[in-house]
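Hydrogens, waters and symmetry mates play no part in the numbers below; they use all other heavy atoms, side chains included. Please read these numbers as outputs of a predicted model, since none were measured by experiment.
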Amino acid sequence: MPHRWLILAVLCVAQLVVVLDNTVLTVAVPVLTTELGASTVDVQWMINAYALVLSGLLLTAGSAADRYGRRRMLLVGLVLFGFGSLAAGLATTSEHLIAARAGMGIGGALLVTSTLAVAMQVFDATERSRAIGIWAATSALGFAVGPPIGGTILAHLPWGAIFLMNVPIVLVCLLAGRALIPESRHPAGGRLDVVGAALSTAGLTAVVWAIISGPERGWASADVLAVAVVGVVLLGLFVSWERRVSHPMLDMHFFRDRRFVGAISGVVLITFGATGALFLLTQHLQFVRGYPAWEAGLRMAPFALSIVLLNVSGVAATLIRRLGLAGAIAIGMTLLAGGLAVITLVPSDAYWVLLAGLLVMGVGCALANPAIVEAVMSAIPAEKAGAGAGVDGTMTEVGSSLGIAVLGAVLNARFAALLPATLAGAGSFPVALAAAGEGPEREAVTVAFASALETGQTVGAAAVLLGGLVAAGLLHRAQRTGS
């Protein structure tokens, strides 16, 4: 296809906007708290409304893309995301902003699934690995550049501009997408599985909410346990329904393929360790090294830029072909764990140590991320690329939420254990620091948090390494048996 690389550029910009929308918000929280009179609960829902709606709808969005057209769902997703961004930028109350963010989550789910599904249709097998690598690198770029972009905008413009900047980008993608992207759909997709869509959306939303809320409300609290149980029951009903319906939104026969099971297990394991570890790294830069959120993001930029450079240049795709998917995942996650260990364990505050660790991590992600996405998508027939993208996105969201929740819990438990007795019960580093007096007590809080972060990051590095090796082993075993 002559315009395939221009099409990929449109897909990557659309994907970048979706990722930026979460990371750019981190620097705006103090401003939103002041100007909208937002409470802590309001701020949490401003962040979580988007993530919950997006994660709950990914399977449905992927199925809709296969049935009704991947290009069509991409354009619909852009329109919804654009209107949601406009509403968020013009919001005058916390409730309005939360509702707008939820609307953006609907568009985001369509964009995440349709961009990957379109890429699978546009590129043939010889170029697909490189295309997927560039698409996957977009997420890393959005993670790193979000806070610097948000900080720059807030320094010169009102807070609504961080959402309004999406509108012209969406318009450009709409025009380019309509002109360049060919339509494709599953010829025998049948009607949308409404019951399956309702069960999967409700079940996934409940499970992800329980994972996100567990660290704050307590894993054993009645509401978290009740919602988690409801979510699991609904997902069980979804599986039962999908086995009986004539045109399922997710074909359960995929789970008989060991390649598919190995690949989606790998997505959860890898994103669990990697996202949780990167979350702790941002805490390290902001609270231990003292950088504001935008500067912490700027100093992490070499991590994302190395991923983008290796994938755009084709170096990562060449290495993945030579190593094989399982080998690329194993080596990539070993490098990611090693880079994180360097940052955590080398006793130096010099930036060159951080830079060296970030570059090693970047090389690891440049190999592992495209390999695991390709492993998932290659285990599913091309005509069901939207369903595959939905599964990949869903497992990514579940793994990411688990990683942040579990490694965050490790951090908080260690921090609570190391706090001076006079500050017992302080739930977070800012709260403990505010309650501490001057001198030794304040220093003890900082030392306790730095030590807790070191523990959490070490556990994160171990989780990255173990998850990568287990995922690679499962995939290698499946490929060897030829299933």
Side-chain angles (χ1 to χ4, degrees), residues 1 3-5 7-12 14-15 18 54 57-78 107-139 177 180-193 196-197 200 242 247-257 259-264 266-267 317 320 325 369-397 475:
M1 188 172 292
H3 301 301
R4 61 193 181 281
W5 295 108
I7 292 172
L8 182 64
V10 174
L11 300 178
C12 287
Q15 172 74 358
V18 174
L54 184 144
L57 286 175
L58 282 168
L59 284 179
T60 302
S63 178
D66 286 336
R67 282 172 164 79
Y68 301 122
R70 298 168 186 113
R71 172 180 176 269
R72 178 181 295 176
M73 290 299 103
L74 174 64
L75 298 180
V76 170
L78 285 168
L110 288 168
L111 292 178
V112 169
T113 51
S114 57
T115 51
L116 179 55
V118 168
M120 293 296 294
Q121 303 301 315
V122 169
F123 289 90
D124 60 24
T126 58
E127 294 180 321
R128 193 169 292 151
S129 180
R130 184 180 178 188
I132 289 175
I134 295 172
W135 179 87
T138 303
S139 297
L180 295 172
I181 298 174
E183 186 58 282
S184 63
R185 60 169 59 89
H186 183 15
R191 293 179 299 175
L192 181 65
D193 177 12
S200 67
E242 294 300 286
H247 294 287
M249 59 180 290
L250 180 59
D251 191 343
M252 290 298 146
H253 289 93
F254 291 155
F255 291 91
R256 297 179 182 176
D257 186 334
R259 289 177 304 162
F260 180 74
V261 174
I264 62 171
V267 172
I320 290 170
L325 296 181
N369 284 2
I372 197 64
V373 174
E374 188 174 349
V376 172
M377 299 305 290
S378 63
I380 287 182
E383 65 270 15
K384 297 183 178 180
V391 173
D392 177 73
T394 301
M395 294 300 102
T396 297
E397 289 296 321
L475 198 57

Any side-chain heavy atom of [X] within less than 4.5 Å of one from [Y]?
X: P182; Y: I7; result: yes
X: W5; Y: I134; result: yes
X: S63; Y: D193; result: no
X: L250; Y: V391; result: yes
X: F254; Y: I264; result: no
X: T138; Y: L11; result: no

Considering all heavy atoms of both residues, which atom of [X] and which atom of [Y] are nearest to each other, and what is their separation?
X: R71; Y: G177; result: NE-O, 3.9 Å
X: L110; Y: M73; result: CB-O, 3.8 Å
X: M120; Y: A385; result: CB-CB, 4.2 Å
X: I320; Y: A371; result: CD1-N, 4.1 Å
X: G386; Y: R70; result: N-NE, 4.2 Å
X: N369; Y: A136; result: CB-CB, 4.3 Å

Could you state the interatomic distance from [atom1] ([X]) to [atom2] ([Y]), rounded to the nearest 0.5 Å?
X: M377; Y: I132; atom1: CE; atom2: CD1; answer: 7.0 Å
X: L59; Y: E242; atom1: CG; atom2: CD; answer: 9.0 Å
X: W135; Y: Q15; atom1: CH2; atom2: CD; answer: 4.5 Å
X: L475; Y: L325; atom1: CG; atom2: CG; answer: 6.0 Å
X: L111; Y: L116; atom1: CG; atom2: CG; answer: 12.5 Å
X: H3; Y: L180; atom1: NE2; atom2: CG; answer: 6.5 Å

Partner of E397 by side chain to side chain contact (heavy atoms under 4.5 Å, CB included), out of L58, D392, V267, V112
L58
Please verify the inter-ring angle class for F260 with F255; under 30° counts as parallel, over 60° as perpendicular, anything in between as tilted.
perpendicular
More than 12 heavy atoms of other residues, nucleotides or ligands under 6.0 Å from CZ of R128: is that the case?
yes
